[in-house]
Protein chains: 2
Amino acid sequence: MVKSKNEAEIAILTAAKSIFSVKGKDGATMQEIANEAGINKALLHYYFRNKDLLFEEVFLDAVKKFHPILKNAIEQEVDLYQKIHQICEAYITMAIDNPFVPVFVLSEVNKQPELFIQKMFGGDLPDFPKLAAQIKREVSLGNIKPIHPQQLILNMMSMCVFPFVFKPIFIIGMQADKELFNQLMLERIKAVPHFIIDSIKI
Amino acid sequence: MVKSKNEAEIAILTAAKSIFSVKGKDGATMQEIANEAGINKALLHYYFRNKDLLFEEVFLDAVKKFHPILKNAIEQEVDLYQKIHQICEAYITMAIDNPFVPVFVLSEVNKQPELFIQKMFGGDLPDFPKLAAQIKREVSLGNIKPIHPQQLILNMMSMCVFPFVFKPIFIIGMQADKELFNQLMLERIKAVPHFIIDSIKI
DNA sequence: ATTTAGTTTAACCGTTTGGTTAACAAAAGT
DNA sequence: ACTTTTGTTAACCAAACGGTTAAACTAAAT
């Protein structure tokens with residue numbers, strides 16, 4: 001069964017993405033990925049020299065896509081309310097389109113934080129301190145209620161990302177199904193910013 | 001070097017907890033745990049027959065402690081605002097005292113959701129639907145702003161738990177340190193309920 | 001037609017890993 | 001005193017795993 005150019009490589013990346021995302025880097029095996037991709041295990045090593053490189057490829061492929069979007073949303077020079085809308089939309093939309101990324105990132109980042117963040121952002125993290133400064137300014141101008149900027153940022157990030165790692169528990173605990181979950185996530189693109197702004201507006 | 005009764009067992013559990021929590025079930029090795037515990041690898045299998053059982057023991061030990069507290073906080077028959085305070089306090093306090101549990105649970109639950117939740121709650125999940133009903137009632141009575149109960153619950157859970165899995169990214173991204181992080185978490189016991197109530201109160 | 005370069009596979013290899021065995025030491029029970 | 005139970009270890013084993021090799025197949029280039 002000869003595949004046309006690149007077909008095997010794509011099959012590998014797809015399989016690896018799907019398996020790494022549920023089993024993690026350590027839980028997945030090369031054999032398993034090869035099976036899922038419908039190719040021989042040696043071909044994995046032909047295209048991607050070893051497990052680490054395959055993992056990095058899959059991971060960076062997933063992460064680098066939305067990194068500029070998030071960075072842009074966080075650093076843009078706009079009104080705070082508008083910025084909250086943009087950040088939430090960026091994060092939630094990203095997570096809807098790549099639901100495995102959050103659980104992926106949060107599982108691995110807790111194993112080797114510095115190394116992982118280095119690979120993920122390459123010293124180019126979104127400028128959270130700048131966002132914190134903007135919030136602080138709005139508070140001192142009396143435009144929003146007093147709140148610690150870092151708490152507000154944590155709240156926002158939490159509400160955007162957490163549901164996607166919490167999904168299995170939520171579905172079982174709420175006796176919901178995937179369709180309802182997806183619908184709720186779509187609603188959250190608007191609902192989360194409104195919830196935040198309702199809380200901080202004077 | 002003979003240890004007094006139970007000493008080895010405790011050393012094993014402590015070591016396993018610490019290693020499982022950062023490396024996950026698959027990333028950790030029995031040898032590693034034995035070394036950390038300062039005992040022979042065979043002794044692991046003497047006390048805990050195999051890796052799965054050791055993991056389960058460690059995990060249940062961590063989880064079962066606070067399960068009744070959470071369940072109680074969620075199902076208690078009190079005023080909604082009071083209940084929000086209780087739930088947030090229960091979750092955040094638990095996470096402060098056992099910071100490894102959230103990352104632990106969320107990493108593993110996404111691998112085998114049903115099985116894991118079964119082991120975790122044993123068919124005795126907190127009654128989230130009941131909480132949802134209470135929220136719905138308050139909305140229809142006009143006591144709080146209109147909001148989908150499930151969204152409110154997601155928001156609350158997110159803000160309580162997420163910071164603990166997000167910690168490494170937050171510390172690096174915010175140029176913070178562990179002390180600041182811990183202080184922020186203590187503040188959140190009160191800050192999160194206030195943030196929520198500010199958002200939903202009329 | 002033959003070479004050449006790229007692709008794919010089966011079989012193999014060395015290590016690591018989870019787990020076992022058998023022997024030994026200490027305590028407890030008689 | 002001695003037997004049994006419990007705790008502990010070093011050495012070992014089989015399986016799984018990541019990775020390699022060498023050969024076969026394909027298709028385009030010469």
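A note on names: the letters A, B, ... follow the listed sequences, proteins ahead of strands, and every chain is numbered from 1. Values reported hereafter were calculated over all heavy atoms of this structure, with side chains retained and with hydrogens, waters and symmetry mates removed.
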Under the rule for side chain to side chain donor-acceptor pair (under 3.5 Å), what residues qualify as partners of A:N50, not counting sequence neighbours? none
Starting from P on D:dA11, measure out to CD on B:Q31 and report it in whole angstrom. 13 Å
Just list the side-chain donor-acceptor pairs under 3.5 Å for residues 13-24 of chain B, sequence neighbours left out, or say none.
{"unit_1": "B:T14", "atom_1": "OG1", "unit_2": "B:I10", "atom_2": "O", "d": "2.8"}
{"unit_1": "B:S21", "atom_1": "OG", "unit_2": "B:K17", "atom_2": "O", "d": "3.1"}
{"unit_1": "B:S21", "atom_1": "OG", "unit_2": "B:S18", "atom_2": "O", "d": "3.0"}
{"unit_1": "B:K23", "atom_1": "NZ", "unit_2": "B:E32", "atom_2": "OE2", "d": "2.7"}

Length of the CG-C1' vector between A:N40 and C:dC12, whole Å: 12 Å
Those residues that, when tested against B:E138, pass side chain to side chain donor-acceptor pair (under 3.5 Å) (two or more places apart): B:N143
Anything under 3.5 Å between a donor and an acceptor, one on a side chain of residues 99-111 of chain A, the other on a protein residue two or more places apart or in another chain? List them.
{"unit_1": "A:S107", "atom_1": "OG", "unit_2": "A:V103", "atom_2": "O", "d": "2.7"}
{"unit_1": "A:S107", "atom_1": "OG", "unit_2": "B:S107", "atom_2": "OG", "d": "3.4"}
{"unit_1": "A:E108", "atom_1": "OE2", "unit_2": "A:K25", "atom_2": "N", "d": "3.2"}
{"unit_1": "A:N110", "atom_1": "ND2", "unit_2": "A:L106", "atom_2": "O", "d": "2.7"}
{"unit_1": "A:N110", "atom_1": "ND2", "unit_2": "B:V165", "atom_2": "O", "d": "3.2"}
{"unit_1": "A:K111", "atom_1": "NZ", "unit_2": "A:D26", "atom_2": "OD2", "d": "3.2"}

Which pairs would a plain distance check flag for residues 118-130 of chain B, meaning a side-chain donor or acceptor within less than 3.5 Å of a matching protein atom at least two apart in sequence or in another chain?
{"unit_1": "B:K119", "atom_1": "NZ", "unit_2": "B:E56", "atom_2": "OE1", "d": "3.1"}
{"unit_1": "B:D124", "atom_1": "OD1", "unit_2": "B:K71", "atom_2": "NZ", "d": "3.2"}
{"unit_1": "B:D127", "atom_1": "OD1", "unit_2": "B:K130", "atom_2": "N", "d": "3.1"}
{"unit_1": "B:K130", "atom_1": "NZ", "unit_2": "B:E75", "atom_2": "O", "d": "3.2"}
{"unit_1": "B:K130", "atom_1": "NZ", "unit_2": "B:E77", "atom_2": "OE2", "d": "3.3"}

What's the CD-C1' distance between A:E9 and C:dG6, to the nearest Å? 13 Å
For B:L184, does its backbone N or O pair with a side-chain atom of A:Q151 as donor and acceptor, under 3.5 Å? yes
In numerical order, the residues of residues 44-57 of chain B whose heavy atoms come under 4.0 Å of DNA chain D are B:Y46, B:Y47
Rounded to whole Å, CG of A:N35 lies from P of D:dG18 at a distance of 12 Å
In residues 20-29 of chain A, which residues come under 4.0 Å of DNA chain C by heavy atom? none
Figure out the NZ/P separation between A:K41 and C:dC13, and round it to whole Å. 13 Å
A:D61: which residues meet the side chain to side chain donor-acceptor pair (under 3.5 Å) condition with it, sequence neighbours left out? none
What pairs meet the side-chain hydrogen bond (donor to acceptor under 3.5 Å, both in side chains) rule with one or both residues in residues 83-96 of chain A, with sequence neighbours excluded? A:Q76-A:Q86, A:K83-A:Q134
End-to-end bend of the helix from C:dA1-D:dT30 to C:dT30-D:dA1 (five-pair axes, 10° rounding)? 10°
Choosing from D:dT8, C:dT9, D:dA10, which nucleotide comes nearest the side chain of B:A42? D:dA10
According to salt bridge (charged side-chain N to carboxylate O under 4.0 Å, His left out), who are the partners of A:E187, at least two apart in sequence or on a separate chain? none
With sequence neighbours excluded, residues passing side chain to side chain donor-acceptor pair (under 3.5 Å) with B:K201: B:D198
Can you tell me how far C1' of C:dA11 sits from CG of A:L43, to the nearest Å? 16 Å
Rounded distance [0.5 Å steps], CD in A:E114 versus CD in A:Q112: 9.0 Å
